[in-house]
Q: 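First the structure, which I've put down as structure tokens, then a few questions once you've had a look.
Letters A, B, ... mirror the listed sequences (proteins, then strands); counts begin at 1.
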Amino acid sequence: MSDLSIQHAIAQLVPQGSRVLDLGCGDGAMLAHLQKTRGCTGYGVEIADANVLACVQRGVNVIQFNLEEGLALFGDGSFDVVLQIDTLQHLRNAEVMLRETVRVGRVGIIAFPNFAHWPNRLSVFKGRMPVTKRLPYQWYDTPNIRVGTHADLAALAERNGLQVQDSFGLQDGQAVRFLPNLRAGTSVYKLALPR
Amino acid sequence: MIATPLSQHFPHALTLQSGQSLRDYSLSYETYGTLNAERSNAVLICHALNASHHVAGVYEGKENSEGWWDNMIGPGKPVDTDRFFVIGVNNLGSCFGSTGPMHANPDSPQRVYGADFPVVTVEDWVNAQARLLDAMGIQTLAAVMGGSLGGMQALSWTLQYPDRVRHAVVVASAPNLTAENIAFNEVARRAIVTDPDFHGGHFYEHGTVPKRGLRIARMIGHITYLSDDVMNEKFGRQLRDAVRDKTLDAVQSQEAGAAGLFQGAGAYKYSTQDVEFQIESYLRYQGDKFAEYFDANTYLLITRALDYFDPARSYGGDLSQALKRATCKFLLVSFTTDWRFSPKRSREIAKALLDNQRDVSYAEIDAPHGHDAFLLDDPRYMGVVRAYFESVSKELQA
């Protein structure tokens with residue numbers, strides 16, 4: 001789902017040797033990258049058969065189930081980092097999953113398409129839903145059932161009493177820290193339960 | 001691939017979990033592929049209720065003698081015998097060659113064991129399998145694999161001999177049986193034990209076989225191995241051909257209006273004991289076939305081994321504590337329509353392994369065939385097992 005530049009930018013947020021849970025891990029490329037370059041261990045979670053197969057082929061541990069069922073398989077604080085890269089926007093229970101992410105992980109790293117990125121705003125201003133490289137779907141067949149902005153996630157985190165350890169935008173593989181809600185196609189949050 | 005059945009005799013007693021022991025015993029087994037110089041590429045296949053050591057290949061000159069997991073194991077197959085040395089072994093108490101209830105009882109040599117064959121457990125089977133590996137000079141298994149009751153043995157290997165297993169592939173299995181599952185086993189056992197031909201398990205000396213009991217046991221089993229959907233798709237409410245033909249004749253002789261009423265509904269024989277529905281015919285056929293070759297005491301022993309298996313039992317039911325001993329890597333597979341060994345049960349194993357931070361992958365295959373799916377060719381299932389064994393093979397070469 002997510003492209004390589006996003007994965008590599010986010011990989012840098014994951015400390016060496018972390019135990020990682022990657023929710024919606026796709027073909028396992030991110031976990032394989034983390035295992036190889038940062039000595040991480042852990043598991044991916046996937047629902048799609050083809051992705052489960054790809055993970056096993058890569059030698060990445062993968063657990064097949066629907067994230068809508070929640071994370072009951074995983075104990076409190078059982079991971080250093082829980083990743084949700086381009087996953088949250090597909091989930092009906094997005095808010096519950098946000099809380100589950102920081103229950104299971106000491107840190108949750110969330111990345112999702114920022115609907116407030118200026119080209120999207122421009123498109124809506126012209127009266128049409130955006131179709132871009134980052135949001136490539138037509139409104140009627142998009143799997144992105146939760147459409148939010150960089151600013152929206154800050155509000156949701158606050159509403160759930162989660163601590164934002166860091167947040168920024170990503171555009172063309174680069175971190176965007178100045179006006180990310182306007183200037184970045186991808187929003188990134190590093191969240192934790194308050195200490 | 002030609003398979004050759006082999007046998008290994010063990011002259012030393014095997015102490016069983018029950019405290020009883022087998023003074024001496026033999027195990028029937030087969031091997032496929034070549035053991036490498038490091039003796040590191042062995043894969044042990046554990047069988048379920050009614051299977052045997054004949055896992056793959058065919059017997060010389062015998063058509064239709066494919067092993068029970070021939071679609072999974074062989075040259076170029078998911079468990080590739082060009083890379084792995086695969087071992088199939090028949091369990092103690094079974095009826096396909098290994099020491100079992102139809103063999104002579106050393107304590108009363110004129111008599112076969114019959115009902116006096118000691119109760120064996122999954123753990124006992126694994127101990128016997130380990131002795132076979134010792135005899136073959138194999139210290140460590142590249143993988144142990146099994147489905148259903150075979151999966152329980154694979155899981156038990158990782159607990160009894162954690163240092164001797166690198167990978168475990170546990171398919172359509174469970175960490176123990178639920179009450180419903182034990183209940184099915186009990187109905188099957190009662191069918192056998194109450195058959196007048198059973199003679200308290202010593203039917204051999206009466207020259208009888210409790211076929212009625214075995215048939216019913218098998219019929220019950222078959223119902224639970226399929227899903228409602230598959231049974232409906234395969235048989236639905238179809239009547240047997242002979243009956244239907246009669247119906248059509250009857251329908252044709254009637255007036256159009258009345259024919260419309262009877263068409264589709266078919267005509268019943270209005271009998272209570274005839275085989276009318278296709279599903280009845282199928283179950284009777286399966287029951288008859290089974291009663292011809294399977295031993296009644298073996299059925300009792302193997303279902304009891306299923307009932308008893310419960311590695312969490314000595315840990316107050318805490319499976320995570322129980323699986324702490326397991327250090328190998330795991331592949332777990334379940335099938336969504338399997339209600340006898342449901343995905344929920346495989347997830348319990350997955351959770352216990354996750355709690356212990358063990359390497360585990362879990363595939364939940366959305367196949368329609370119920371428990372039987374583990375023996376069938378689903379490309380997603382085959383693909384995942386193939387990919388997993390490719391990684392096992394890569395590890396061996398590294």
Q: Quick one: which of A:R58, A:Q57, A:E46, A:R19 has the most heavy-atom pairs under 4.5 Å with chain B, could you say?
A: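 Of the candidates given, the most pairs with chain B belong to A:R19.
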Q: Which distance, rounded to the nearest 0.5 Å, do you find between the CG of B:L396 and the CD of B:E38?
A: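 Rounded to the nearest 0.5 Å, the CG-CD separation comes to 8.5 Å.
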Q: If a pair satisfies ring pair (Phe, Tyr, Trp, His ring centres under 6.0 Å) and one of its residues is in residues 337-368 of chain B, list it, with sequence neighbours excluded.
A: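 The answer is B:F184-B:W339, B:F341-B:H371.
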Q: Mind checking which of residues 377-389 of chain B sit less than 4.5 Å from chain A, heavy atom to heavy atom?
A: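 Those residues of residues 377-389 of chain B which have a heavy atom under 4.5 Å from chain A are B:R380, B:G383, B:V384, B:A387, B:Y388.
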Q: Which bit of B:K329 comes within less than 4.5 Å of chain A, counting heavy atoms only: side chain, backbone, both or neither?
A: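 Looking at B:K329, nothing touches chain A.
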Q: With sequence neighbours excluded, what pairs up with B:R166 under the side-chain hydrogen bond (donor to acceptor under 3.5 Å, both in side chains) test?
A: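 Result, side-chain hydrogen bond (donor to acceptor under 3.5 Å, both in side chains) vs B:R166: none returned.
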Q: Given heavy-atom pairs under 4.5 angstrom as the criterion, report whether the side chain, backbone, both or neither of B:E390 touches chain A.
A: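 For B:E390, neither part sits under 4.5 Å from chain A.
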Q: Less than 4.5 Å to any heavy atom of chain B: does that hold for the side chain of A:A72, its backbone, both, or neither?
A: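 Contact with chain B: backbone only.
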Q: Before giving the answer on side-chain contact (heavy atoms from CB on, under 4.5 Å), spell out for A:L23 and A:E100 the whole-Å C-alpha distance, their side-chain angles and the decisive distance to 0.1 Å.
A: CA-CA 11 Å; A:L23 302 177; A:E100 281 285 273; over 6 Å; no
Q: Considering only heavy atoms, which portion of B:E395 lies under 4.5 Å from any heavy atom of chain A: side chain, backbone, both, or neither?
A: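 No part of it gets close to chain A.
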Q: Cut-off 3.5 Å, no hydrogens considered: what does the side-chain donor-acceptor table look like for residues 311-324 of chain B, sequence neighbours left out?
A:
unit_1 : atom_1 : unit_2 : atom_2 : d
B:D318 : OD1    : B:S320 : N      : 3.0
B:D318 : OD1    : B:Q321 : N      : 3.1
B:S320 : OG     : B:D355 : OD2    : 2.7

Q: Take A:D49 and A:Q64 through the test side chain to side chain donor-acceptor pair (under 3.5 Å) and record every step on the way to the result.
A: CA-CA 8 Å; A:D49 294 322; A:Q64 186 169 27; 2.8 Å; yes
Q: Whether the side chain of A:R128 engages the backbone of A:S123 through a donor-acceptor N/O pair (distance < 3.5 Å, no angle test) should be reported.
A: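 Side chain of A:R128 to backbone of A:S123: no pair is present.
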Q: How far does CG of A:D86 sit from CG of A:N144, to the nearest 0.5 angstrom?
A: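 Result: 7.5 Å between the selected atoms.
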